[in-house]
Structures are given as C-alpha cells and as structure tokens.
**Student:** 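Mind looking over this structure? Questions follow.
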Protein chains: 2
Amino acid sequence: MVTIKDIAKAAGVSPSTVSRVVSNHPRISKATTQKVKKIMDEMGYHPNIMAKSLVSKTTKTLAIMLPRPAEELFQDFFFGELLRGILTQSTRAGYDMLLAAATSPQDESETIARLVLGRRVDGVILLSARTNDPLIDLLNQHDFPTVLIGRSDGHHNILSVDNNNEQAAYDATQHLIIQGHERIGFVSGPPNLTVSHDRMAGYRRAMKDASLPVRGEWIVEGEFLQQSGYRAMSFMMGLPERPSGLVVIDDVVGFGVLRGLNELGYSVPNDISLVSFNNIALSELATPPISSVDIGTYQLGYTASQLLIRRIMEEDIYQSRMIIPHRLIVRESSIQAVNKRS
Amino acid sequence: MVTIKDIAKAAGVSPSTVSRVVSNHPRISKATTQKVKKIMDEMGYHPNIMAKSLVSKTTKTLAIMLPRPAEELFQDFFFGELLRGILTQSTRAGYDMLLAAATSPQDESETIARLVLGRRVDGVILLSARTNDPLIDLLNQHDFPTVLIGRSDGHHNILSVDNNNEQAAYDATQHLIIQGHERIGFVSGPPNLTVSHDRMAGYRRAMKDASLPVRGEWIVEGEFLQQSGYRAMSFMMGLPERPSGLVVIDDVVGFGVLRGLNELGYSVPNDISLVSFNNIALSELATPPISSVDIGTYQLGYTASQLLIRRIMEEDIYQSRMIIPHRLIVRESSIQAVNKRS
DNA sequence: TTGCGATATCTTTAATAGTAACCATTGCTT
DNA sequence: AAGCAATGGTTACTATTAAAGATATCGCAA
C-alpha cells in the first residue's frame, strides 16, 4: 500500500506538504501542488481513511439505527423511500452511511455504544421511535449528535423530524366523514410506537368533532404487515355492527385489508371505504387504488440527514423539531359509488 | 474520551495488558482480567475503532455498492429483502454495513477507490450487474474481496451469487405454454443488465422448444418501474395480433401491467395471463394475485454476505459461483378460468 | 548595493489510540 | 542452581495531521 510518506519521498517533500496538497491548503505553491499531484496519480495514492479519522476525530460517517425487529421495516416501501432520502443527502454532503441492526434488546445499546463511544460514526439517525426509547437517553447522556425520525414521549431536547401524524389522521378520518360515513374503524400499528398513538389520537379527535361514536371493537392493533390488515378484517367484519369506513395505519396493511374484504365478499369502496397512510408507490396500483396520506417520506429522510449534518457541523439550529407536511391523496378506495356517478 | 492508557493507569498495568484483556488474550491471569474489566466498566471504556482499524489494517465493515441511478432499486421490495439478507448475516458475523451510492458514473469509480484503496472497508458487495461492469475490473485489479450479486459477462474470476435466471424464465414461460398459450410476450428490464438478457434467453428457449413463434413486437424493454409495465401494455395491446400470455421481468412492473390491462378493459387471467419474477410480498395481494418466480431474495443477500466474509477470512472457497434455487409460485393471474373450474 | 523585517513556503516534531513482537520478571520445578 | 512456564512491561509501529519551527524570497529604506 502506498502511503503519504512514499509520495513525500518520491516528490522530495515532507509528508506534511503532501497532506496539505491533499486537503487543498492555501499555503502551498502551485508548482509543488502540481508536482505532488502528478506523483500521487502515478503511484495511485489514496489517503488511508482510518489514519485520517484517528487524528481528526471525525469519520464522515452516519449511522442509521434500525429498530428491532427489522423484518417489518424491510417489507415496506416506506423504508426504501426513507433510506433513499437519507442516502441522497448524506452522499451529497460527503458522508457515508452505516446501516446498524441489533439482534436483541441489550445488543441494541451495545451496538450504539460501540459505534458512538468507539468513535466510529459522527452522528446517528434513529428510526421508528418507541414511546420511551432508552437509546435516546443513552445518546443524550453523551451529548452525541442524533436525529430522531418520529417522536418520542418525554424527550423534548432531541432533534427530530416528523409528520403531524395527529393532524394527518384527522384529515383522513374527516375525509371519510365528509363522504357520509358514520361508523369508522381504525386499524392501528404496534401499540408501543408513537406513530400509532398520534394517528389514533387524530382519528379520535375527528370522530369527536363530528359527534360520532368510537367503539372499542372498531379499533384493532397490529403490525406493519399485510397479515395484520387481513386479520383485522376477519375480526371486524364478523361484528354485529361493522364499520363502513376504515382508517388504516399503513399502505401495506391496507393491502391486507383490501384482500381480507375481497375474500369476505365486501366491495371497496361500495361496502367499505378505505384510507391509509404513507402513499407507497404501489397504493395507486391496488384494485381499487387506495386513498393514502402522503407523508413526504423521501423528504423525511432527506431532512433528517440534513439536520444531523448541521448539528455535527455545530451550526446554530433554531428548530429542534421539524415537521414535514402531509397531503391526502384521494383515490377510488374512498370515493363512494354515489360520488363517482356525480 | 477515556483511552486504553487511562484504564492502564487506573488499573496499575500497562496499556498492552489492557489491550490483551479486551481481546481475550490467553496469557493474562484471571485476577488481572477481572480487575481491568471492572475498571473498564467503571470508567465506561470503549475501544476506539479507528485506532484499532489503523493498526490491524482491518475495518470489520462491508460496503454495498448501489447501482446508479438507485431510484428504481429503492422502489422495489426486492431490494429491501436483499438488504435484509445481507444485513442479517453480516451483523451475525460481526461486520458493519456501509451503504455506498454514487451520483455520477465517474463518481462510482472514485467512491470505490476511496473506500477500497483508502482501506475503509474489508469487502464489497456489488449489486445489479451490468453486461460489462468497469467496477469489477477495478476491484479485480487490486485483488479486493468482492462478491457480485448477479452475473457479469466476461468476468469469470469473480465470486458471485445468482439465480439461474435463464431457467427461471424458461419455467415461467413453459408454465404459460402448458396453460395453452401460444402467443406469449416478454416485458423486459433495462437492456444493459444481465438479468434482462438471461430471462429473455430463457423465454426464447422455452418458446423454441415448444415450436412457438416469437415476434419482435411482443418483446418490450423498460425499467424496473410500474410505469414501464403500464407503458408496455399501451403499446402491446394496440398490436393487431396481441399476446395472450405475458412473462414480466419484475413484480413491480407486473403491477403496472395489471393496471394497464385493467384500464384497457382486459381481464386477467381470462383475456391475458401473467407471470412475473421476484415474488415480492405484495404480489399475492394484487387483484388477481400474481404468479411469480420466487428467486430466494433474502437467501441471495444472506449467501452473498457469507461468501464475502469467507473470502475476507481467506478460507478456501471451492465454488466461485453460487446459484440460489428458484421456485415458480402459481397464483390466479396465470390460471385460466377453464382450469379454475376443474 | 546592502541589510532588515515581513511573508511565503516547507520541514520537524509530537500527537492520535491501539497492537504486536520482543523482552523482563517472578516463582516454581527438577 | 539452572531452566521454564506464566505473566506482564517496553518499545516500535500503523498513516495521518496540527502546531511550531526553519528556511528562502522579496520589498524597501538607508
């Protein structure tokens, strides 16, 4: 391997001078710069990133800490879009991305400790916030640059990027109410995720504002998997009084709901109307196309990365909590036949 | 930051001894080990990974080199599953994963050079092989541990994990032929990817073996996007003699095909039968459920990571090319109504 | 023309955190 | 008493950079 010393020797200068050439230091003459650069090219020199990181105490690397278990996440287009947003921005800013997964709960803290306290990364993006995330405490304790995608109860001093999920669910629910629905159900996600809470709260507020009753059996919790949606329907459609409209926490779950309703012989949107969240690429290709709240997934990731890098650069950050706007995309799954005819 | 020297001083031993305790060196007494470990816990010591990497010339990190542009990839469930396979195995083996993307063609080589020649990673997983990939030459030149997911023409001395895509397409096509179809079309992917070539070849062989004609206008190239499938249908269904069966390169494209056919008023499978590839989670939730060749996506990623780590460990590797078995999953999209009744 | 300080340019030295090869000490056996 | 495990310390090294020091060059006044 060719090192900075080899270049220095070959060019007849000191290693420091080569180092300055590499980092475009102003106090190097054009002649020397050219000479050194030529030799670097000839000898195929590439700076050893580890040595550089050791001395500069900076790795130019960010970590994405994946929640555990990660299966659900990878099953969802949502994650791909988020990742794309993060990666695009961090690549542009000259940062590498480390994908960190944990296999067990204690391993999660250990992984973070290894990466963060071992100075392997300059910052961390946390995904899928739980209602009380111990990782956030750990990272805050060490005052380590962290951005949370989502929201965590009881942590107000952490940088975060999120949607207004409460309002998003309000809008989705209100849309169904405007379409004339009075019995509206909610297919939720894992109960320990704040996103489940927030969307549920918005659903409840919309129902309350319209003076509509919310029945306990119209709310079903599950995972971000199609199977959850499918199972929710087996249960909900067996009720004596079943809802005529459904708000579903995630498009993939929505696909499962659609399949369940289909098999049970219900027609969407004529028998049951449907609105879900995230607006993944395939939701407009469902039969019927699914109405969905676009939460700006790419933007969410892009902004998180941007915010994190700003924090690392120690720029002044005035807003610790950034909200990405959402937008309800109305499609066939929530437009009743009567409206369609008009 | 607490270093190995701080621990050494606090424990009254030399830095080497602490280093030995950390790496479970056998020649350290139990008493010393315990004493040092206790102090490490108390002081919250975590080894600096950069310093370790510098001296050991090993980073315990793998890079996934994403193809450019990466948009398509992130839009596909396929990628998520692949990533999950890679990540699961590499995490188990104690390796971190670096996600590397390039923004331009020349940047691609630069990124590889920076990571590989700069000794930032121990190995590289290449995705989405093109027919003649210059990156492979670059990596081979430096004898750098690399595993290719897919196949690249003219590179036989590279480790790779792939499917038998030719046979997979043969099986898919033959399935349609057995169902009684004689006019079968092929909706392909980007022409510069080997996977497009291989699947096309299998399709052609199956048609030839059955003495069925292949028309040029029944073959359409595109991307791994739903829009490609949609556009292919606009074109193909406008032909004077249109196919009655379709082999589609990817499930996401299949979703687009389904939508296109739907809008044009064709029924699947009664008017047109459909088989596609990759068997993503949502293909069984399409309307109708899409027949798809399961290529063992998770396995593909898992095996690639495993192979790469073996190569890094300099284990003897007897097979340089591993083939993950495929399996045709027959669903409603390719079972004609007449068969359904029986 | 010469001498001086200012400036530009480059070198030397020390530091980053850790590891490995080699060396040193101890206490026990033969 | 010599030899030998067992255990731990010393020293040198990894590739790079920052700070401080050294040298050369230049402009300008005497």
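In what follows, chains are A, B, ... by sequence order, proteins preceding strands, each numbered from 1.
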**Student:** Evaluate the side-chain proximity of A/R310 to A/L159: yes if any heavy-atom separation is below 4.5 Å, no if none is.
**Tutor:**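 Contact flag for A/L159/A/R310 side chains = no.
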**Student:** With heavy atoms of chain A within less than 4.0 Å as the criterion, where does contact along DNA chain D begin and end?
**Tutor:**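 Listing 5' to 3', DNA chain D meets chain A from D/dA15 to D/dA20.
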**Student:** When you compare the side chain of B/L62 with that of B/S305, does any pair of heavy atoms fall below 4.5 Å?
**Tutor:**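 Yes - at least one pair of side-chain heavy atoms lies under 4.5 Å apart.
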**Student:** Do A/V36 and A/I28 have side chains that approach each other closer than 4.5 Å (heavy atoms only, starting at C-beta)?
**Tutor:**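 Heavy-atom side-chain distance check fails, nothing below 4.5 Å.
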**Student:** For residues B/V147 and B/V161, report the shortest heavy-atom separation together with the two atoms involved.
**Tutor:**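 Closest approach of B/V147 to B/V161, heavy atoms only: CG1-CG2, 4.1 Å.
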**Student:** Could you verify whether a donor N or O on one side chain and an acceptor N or O on the other, from A/R20 and A/T32, lie under 3.5 Å apart?
**Tutor:**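 Checked: A/R20/A/T32 side chains show no N/O donor-acceptor pair below 3.5 Å.
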**Student:** Heavy-atom distance under 4.5 Å between the side chains of B/T297 and B/F77, does that happen here?
**Tutor:**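 Result no, sub-4.5 Å side-chain heavy-atom pair not found.
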**Student:** Between A/T33 and A/V21, is any pair of side-chain heavy atoms under 4.5 Å apart?
**Tutor:**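 Yes. Closest side-chain heavy atoms under 4.5 Å.
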**Student:** Are B/I312 and B/Y95 packed together at the side-chain level, in the sense that at least one heavy-atom pair is separated by less than 4.5 angstrom?
**Tutor:**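 Answer yes - side chains close enough.
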**Student:** Let's see if you get this right: which residues in residues 20-44 of chain A place a heavy atom under 4.0 Å from DNA chain C?
**Tutor:**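 Under 4.0 Å from DNA chain C: A/R20, A/R27, A/I28, A/S29, A/T32.
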**Student:** Within the structure shown, what part of the strands sits under 4.0 Å from A/G118 by heavy-atom distance: base, sugar-phosphate, or nothing?
**Tutor:**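 No contact.
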**Student:** Heavy atoms only, 4.0 Å cut-off, all strands: where does A/K5 land among base, sugar-phosphate and nothing?
**Tutor:**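 Result for A/K5 = base.
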**Student:** Given side chains that start at C-beta, do those of B/V116 and B/L138 come closer than 4.5 Å, heavy atoms only?
**Tutor:**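 No - every pair of side-chain heavy atoms lies 4.5 Å or more apart.
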**Student:** Could you check whether any side-chain heavy atom of A/F74 comes within less than 4.5 Å of a side-chain heavy atom of B/T88, counting everything from C-beta outward?
**Tutor:**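 With C-beta onward as the side chain, the pair stays apart.
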**Student:** What pairs meet the salt bridge (charged side-chain N to carboxylate O under 4.0 Å, His left out) rule with one or both residues in residues 82-94 of chain A, with sequence neighbours excluded?
**Tutor:**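 Of all non-adjacent pairs touching residues 82-94 of chain A, those that pass salt bridge (charged side-chain N to carboxylate O under 4.0 Å, His left out) are A/E81-A/R84, A/R84-B/E71.
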**Student:** For DNA chain C, which nucleotides open and close the run of contacts to chain B, 5' to 3', at under 4.0 angstrom from a non-hydrogen atom?
**Tutor:**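 Answer, 5' to 3': C/dA17 to C/dC22.
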**Student:** Quick check on DNA chain D: between B/A51 and B/V13, whose nearest nucleotide comes earlier from the 5' end?
**Tutor:**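 Looking at the nearest nucleotide for each, B/V13 comes out on the 5' side.
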**Student:** Taking the axis from the first five pairs and the axis from the last five, what angle separates them in the helix from C/dT1-D/dA30 to C/dT30-D/dA1, rounded to 10 degrees?
**Tutor:**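 Here the local axes at opposite ends form an angle of 60°.
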**Student:** Verify the distance criterion only: is there a donor paired with an acceptor across the side chains of A/S19 and A/S16 at less than 3.5 Å?
**Tutor:**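 No, A/S16 and A/S19 have no side-chain donor paired with an acceptor closer than 3.5 Å.
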**Student:** Students often get this wrong, so: under 4.0 angstrom with heavy atoms, is B/S56 touching a base, only sugar-phosphate, or nothing?
**Tutor:**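 Nothing, no nucleic acid heavy atom in range.
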**Student:** Can you pull the side-chain hydrogen bond (donor to acceptor under 3.5 Å, both in side chains) pairs that have at least one residue in residues 109-118 of chain A, sequence neighbours excluded?
**Tutor:**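 Counting only pairs at least two positions apart or across chains, the side-chain hydrogen bond (donor to acceptor under 3.5 Å, both in side chains) contacts touching residues 109-118 of chain A are A/R114-B/D96.
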